[in-house]
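The structure appears below as structure tokens.
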2 protein chains.
Amino acid sequence: MKPSRPNLSELARHLGVSIATVSNALSGKGRLSPELARRIRDAADKLGYVPSQAGRALRTGRSGVLGLVLPDIGNPLYPEIAQEIERVATGAGYGVLIANSRDEIAAQDKAIFQLIERGVDGIVIVPRRGTTVPETRCPIAIIDTPTTPRNTVSADHFAGGAEVAGHLAALGHGRVLLIGDDPSSNVQNARISGMRSKLSGVETETIWIVELEARHGKGCALGLADWRKRGFTAFACVSDPHALRALTELQSAGIAIPAEASITGFDNLQWSSFISPPLTTLKMNMPEIATLALDALVEAIQSRETSDDTPSPPVTARKAAVPMELVIRRSSGPAPSAGFSQEESKHA
Amino acid sequence: MKPSRPNLSELARHLGVSIATVSNALSGKGRLSPELARRIRDAADKLGYVPSQAGRALRTGRSGVLGLVLPDIGNPLYPEIAQEIERVATGAGYGVLIANSRDEIAAQDKAIFQLIERGVDGIVIVPRRGTTVPETRCPIAIIDTPTTPRNTVSADHFAGGAEVAGHLAALGHGRVLLIGDDPSSNVQNARISGMRSKLSGVETETIWIVELEARHGKGCALGLADWRKRGFTAFACVSDPHALRALTELQSAGIAIPAEASITGFDNLQWSSFISPPLTTLKMNMPEIATLALDALVEAIQSRETSDDTPSPPVTARKAAVPMELVIRRSSGPAPSAGFSQEESKHA
DNA sequence: CTAATGTGATTAAACGTTTAATCATATCGA
DNA sequence: TCGATATGATTAAACGTTTAATCACATTAG
């Protein structure tokens, strides 16, 4: 009824040894006899000893906590990336403190400094579109695109775009509409560039949803049925939610998927396999990305013994670009045979 | 080039006063002359003083960090709840450490104890289906359903179900199919019970997706076109992803939404307003839920001055059930006029 | 004029850990 | 047998903060 929680000195008193000996036994650092070490460890977990993070942090200058900064909730891969980062970090003995760079652009910097004030040892950040990450003495791993400055690791969005575009080209689609959301996004641009790189033989157009919505209001129709009439038979989107928007818009216009039009997405979100038809999409290798990012980050943390004032050098991983996997489902199929809306397309 | 980061004693030395005086000035606790206090505060933020969380935590026994335990990523409201908890917690001066109760059921308890070992002052948990939250000396706020034991606060899932069912009944639907995922979920049961409570006059059936998938494999068709043939004109789902699954399945079967069938969801996920037709759904008041939960939690933390071994009493909020808001969009409409598939339904 | 009160600051201990430095004892080589 | 070396454990300081206890001094009351 009394024992709040045993600490090292209580353990030491209970065993009749010194505090340092107990500490050594539990950390396996100093030299001491094997049987005493075992005896101490036994007593430790019999009494339910759990070390005080605060005491340890104060002494060692390391908190054992990493920060995770994510862009606003609009980004649908938030859950997966958070989950993977948390998984790998926990495995490496770190806790993960979350911070949110919402609404205002400046919130990203504020979030970073809040994490630093809380004493995190390092930070993983998925930068918001169009921002630059400040340089700090605290190591920061950046997950964005391979071409972003100081980027640590990311999916190979360009190659992913190339792969899905190749898939559509092989299916015989002669006119492909590329659907992006925001042209200021590094990730989306990389994906679109990748798609274009494999569509040199076919006709392509690109539309950006934010521009449409700026003119016609949020949630406006994308006018895809018109594009279909003009002979565009494949709609390649930069993200699954946009693909979903395209899919339902075409379906409710009475256009059959994939018989009359093909649709592809990006990110392999949870529901993408459950809808009708299931969505062809590209899957990031999040476990590997998280592992690479965190490996690089903890290495940077450990090599930063000296506590001077110089900003931390960029955190670089063993591999900067992780391939994406094309997941072919039923939303993409062969281009409709000639004859269907042939009159509109024959002038090409 | 030398200053790693100033601490209290450096500040004190720089100003020629004692450490305690500086501490008092910054915390506003002790008694000291106003002008000295101001001078100290000025110097503090000129030198960029930021207090060491570790030192403070060690001294006060409080880490200023809360834990957040979320069920597996399958739960699509993960991002919103995490975002709101983080927002409110940051406003109250707390950091948020995330933990994931994935895969194995036992992971939930493990996650909780890991957080406690990290020294969190309290925990917010959204329990996984079919688990019970262990009693600890660390205060735990539970967000599940109003009827869950030790529940702190949650959306009023039952009332939400009643509301959407009333909406469908008012539209004249005479046969409503209720679509759930997993009957072991408290939340889903509450929603379905609520829906039934307002459908006493109409014919209802309930299907559970996990049971269908156990027989026919993951991602199998739900056979909704058949239900439609049997005269069911409304499909009320316990969550937006299931509504999406239903919507696309019916659309690709050539059934027009909402002309020939109505569909409703739950949770108002991001994409629900962008699909065609936009989804009628119920929206949780997450900001209020998060606020209520955290208010109750920090109160429990502060009242827990004594550090004895007794488990923390349940954390209760000022209000246990927060109303949901019905968001009517175009996926629900009047029941199709009689005559359509009347022959199949007249034998009822 | 002395004692009581108040004001503004300081002293010192404590939180729990890690670790370099030290010490006592045993082992070994010569 | 004596000094050198291992071995196994202890001592003591330090990390940065908070806070109760104390102190020096001035002001006021009796």
Side-chain angles (χ1 to χ4, degrees), chain A residues 3-41 43-44 47-65 93 116-119 121 302 305-307, chain B residues 3-41 43-44 47-65 93 116-119 121 302 305-307:
Chain A
S4 165
R5 228 162 66 172
N7 54 18
L8 278 190
S9 68
E10 188 149 351
L11 259 186
R13 197 160 36 75
H14 181 259
L15 286 162
V17 298
S18 77
I19 295 182
T21 302
V22 180
S23 175
N24 283 333
L26 297 179
S27 67
K29 283 272 178 71
R31 27 175 218 211
L32 47 85
S33 66
E35 69 272 34
L36 177 55
R38 201 183 36 73
R39 203 157 59 89
I40 292 180
R41 271 190 289 263
L47 297 193
Y49 168 74
V50 7
S52 150
Q53 291 291 330
R56 176 175 296 172
L58 182 56
R59 170 63 221 233
T60 64
R62 293 215 213 296
S63 62
V65 173
I116 293 179
E117 288 190 6
R118 285 222 170 266
D121 295 336
Q302 279 158 1
E305 298 292 346
T306 71
S307 62
Chain B
S4 166
R5 229 164 65 171
N7 53 19
L8 278 190
S9 68
E10 188 149 353
L11 258 186
R13 197 161 36 76
H14 181 259
L15 285 162
V17 299
S18 76
I19 294 182
T21 302
V22 180
S23 175
N24 284 333
L26 297 179
S27 68
K29 283 272 179 69
R31 30 176 214 209
L32 47 86
S33 65
E35 70 271 34
L36 176 55
R38 201 183 36 73
R39 204 156 58 88
I40 292 180
R41 271 191 287 266
L47 298 193
Y49 167 74
V50 7
S52 151
Q53 292 291 329
R56 176 176 295 173
L58 181 56
R59 171 62 221 234
T60 64
R62 294 215 213 297
S63 62
V65 173
I116 292 179
E117 288 190 8
R118 285 222 170 266
D121 296 335
Q302 279 158 1
E305 299 292 347
T306 71
S307 64

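Nothing here was measured: the structure is a model prediction, and the numbers come from that model. By convention in this document, chain letters (A, B, ...) are assigned in the order of the sequence lines, proteins followed by strands, and residues within each chain are numbered from 1. Side-chain atoms are counted along with the backbone in the values below, which use heavy atoms only and exclude waters and symmetry mates.
- Between A/Ile40 atom CD1 and A/Ser33 atom OG the span is 8.0 Å, to the nearest 0.5 Å.
- Considering only residues two or more places apart in sequence or on other chains, A/Arg39 meets the salt bridge (Lys or Arg N to Asp or Glu O under 4.0 Å) condition with none of them.
- Residues passing the salt bridge (Lys or Arg N to Asp or Glu O under 4.0 Å) test with A/Arg13: none are found, sequence neighbours excluded.
- The stretch residues 21-37 of chain A touches DNA chain C through A/Ser23, A/Asn24, A/Lys29, each having a heavy atom under 4.0 angstrom from the strand.
- Listed by first then second residue, pairs satisfying salt bridge (Lys or Arg N to Asp or Glu O under 4.0 Å) with a partner in residues 14-38 of chain B read B/Arg38-B/Asp42, not counting sequence neighbours.
- Reading DNA chain C from its 5' end, the first and the last nucleotide to sit under 4.0 Å from a heavy atom of chain A are C/dG16 to C/dT19.
- A search for side-chain contact (heavy atoms from CB on, under 4.5 Å) contacts involving A/Arg59 returns nothing, not counting sequence neighbours.
- Contact record, A/Gly61 with A/Asp121: O-OD1, 4.4 Å, taken as the closest heavy-atom pair.
- The side-chain hydrogen bond (donor to acceptor under 3.5 Å, both in side chains) test applied to A/Ser9 returns A/Asn7, not counting sequence neighbours.
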Give the table of side-chain donor-acceptor pairs shorter than 3.5 Å for residues 47-55 of chain A, with sequence neighbours excluded, one pair per line with atom names and distance.
| from | atom 1 | to | atom 2 | distance (Å) |
| --- | --- | --- | --- | --- |
| A/Ser52 | OG | A/Ala54 | N | 3.3 |
| A/Ser52 | OG | A/Gly55 | N | 2.9 |

Distance-only donor-acceptor hits, side chain of residues 15-24 of chain A, under 3.5 Å, sequence neighbours excluded:
| from | atom 1 | to | atom 2 | distance (Å) |
| --- | --- | --- | --- | --- |
| A/Ser18 | OG | A/Thr21 | N | 3.2 |
| A/Ser18 | OG | A/Thr21 | OG1 | 2.9 |
| A/Asn24 | ND2 | A/Ala20 | O | 3.3 |

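- Axis angle across the helix from C/dC1-D/dG30 to C/dA30-D/dT1, with five pairs used at each end and values rounded to 10°: 60°.
- Scanning both residues, B/Ala57 and B/Ser63, for their nearest heavy atoms gives CB-CA, 4.1 Å.
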